[in-house]
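Encoded as structure tokens, the structure appears first; notes follow it.
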Amino acid sequence: MYTDLTISQQEADKLTAISELGGEKASEALSIMTNQELSVEISGTDIAKLEEISKSIGENDLVTAVFLKIQGDLNGGIILLFPEKSGLNMVDLLLKNQSGTTQKLDSMGISALKETGNILVGNYLTAMSNNLHLNVIGSVPDLATDMKDSIMNSIAVELSKNNARETMIFKMQFQVTDNSTSGQMLMFFDAASAEKMKSVISKI
Amino acid sequence: MEDTVYEVGMSEYKIAESPIILISSGIGSCLTIALYDRTKKIGGMAHAMLPEEHPNEKDDEDSPARYVDKAIKTLVSEMESLGCNRKNFVAKIAGGANMFAGLGEYSKEIGVKNVFEAKKILAEMNIEIVAENTGGTSGRHVEFDVSNGLLSIISKI
């Protein structure tokens, strides 16, 4: 059954605050992994039509994406998006290579980026689980490098389960302070998950 | 003279006469279906997301080509209302990739199901598929030149 996804401004603010706590944990973990200072920007809670999710996040350039499904008490997905060059720079940071060493994603680089996904998403979801008293885990990460729109439209299809038309989105942008590497983390939740979160936050 | 370009977004369709170029970017597991009437030089293209319309679906005017089955039927009837005859139609389809190997049961097969559904509906309507570029694991950018029916596909290598 298709249900409309609606949240009030007050609910959105509370959810944004909870997402921010997760985002802070995730960015701390990334900072430790890369041994770099990060600037992080966490945006508010959005509701978007599945057809629109790709339009809000930049040009249709080549990106490297790490995707994990959210499972347990909440359903959805988390995607880490790196502009192609940033993805390669991130591999150098993670493997402690000199910047510019990685010119192509090999199996080592793919593992490193997937592990980054595991750690960021793990930290984000653990914070969310603790704050909402819900059990939420991430799936095994999946990686693809392709046109941003093709990737996001495939994610939209994954999110269209149960005839969903819309999704609730949290966004986080991060940039390594030397400007070599930037990326985004997008968290998507379905209508049933939004209802569960609303029910929990109404008691907070 | 620069050609006029129309963008066909996800769950949308457009019908145009020569010399328009219809573009759909960001095809992943979605499917683009291009129909062309060579005699009239009228073409239509849909960018469909899912194979079949759910029986209890509520109408959504913003997403007229969300489903492959409905998108093809809409393209055919609207092109016929412009004076085309489906006997003169040829079809080209592109898309239906599986971008993430580890996605669950639900979306893993969507690309394949989209292609299957398009072939089924086009066969029922006796419209020949003259070219197909489907499947694989890469996204596609599709351009359909309505002046000559040429469908170009850009993929990353």
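Proteins get letters first, then strands, A, B, ... in listed order; numbering begins at 1 in each.
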Shortest non-hydrogen pair, B:M99 vs A:S154, comes out as CG-OG, 3.0 Å

- [ ] Of all the heavy-atom pairs spanning A:S160 and B:R66, show the shortest one and how long it is.
- [x]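 Here A:S160 and B:R66 meet closest at CB-NH2, 4.1 Å.
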
The interface call for A:L62 against chain B, heavy-atom contacts under 4.5 Å, is side chain

The interface call for A:N153 against chain B, heavy-atom contacts under 4.5 Å, is both

Pair count under 4.5 Å, heavy atoms only, with chain A: among B:S138, B:C30, B:G9, highest is B:S138

* Could you have a look at A:L143, A:V140, A:V157 and say which one has the most heavy-atom pairs with chain B under 4.5 angstrom? =>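 Highest number of heavy-atom pairs under 4.5 Å: A:V157.
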
- request: First locate atom NZ of B:K156, then atom OG of A:S150, and finally report the distance between them rounded to the nearest 0.5 Å.
  value: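 The NZ atom of B:K156 sits 10.5 Å away from the OG atom of A:S150.
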
Under a 4.5 Å heavy-atom criterion, the part of residues 104-117 of chain A in contact with chain B comprises none

*asked:* Tell me whether B:K40 at atom NZ has more than 12 heavy atoms from other residues, nucleotides or ligands lying less than 6.0 Å away.
replied: no

Exercise for the section: State whether the side chain of A:D149 and the backbone N or O of B:S25 hold a donor-acceptor pair below 3.5 Å, judged by distance alone. Expected result: no

Fill in: Close side-chain approach of B:M49 to A:L50, heavy-atom, < 4.5 Å
yes

Is B:I27 close to chain A through its backbone or its side chain, or both, or neither, when contacts mean heavy atoms under 4.5 Å?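 For B:I27, backbone heavy atoms alone lie under 4.5 Å from chain A.
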
Exercise. Does the side chain of B:S63 come under 3.5 Å of the side chain of A:K49 through a donor N or O and an acceptor N or O?
Worked result: yes

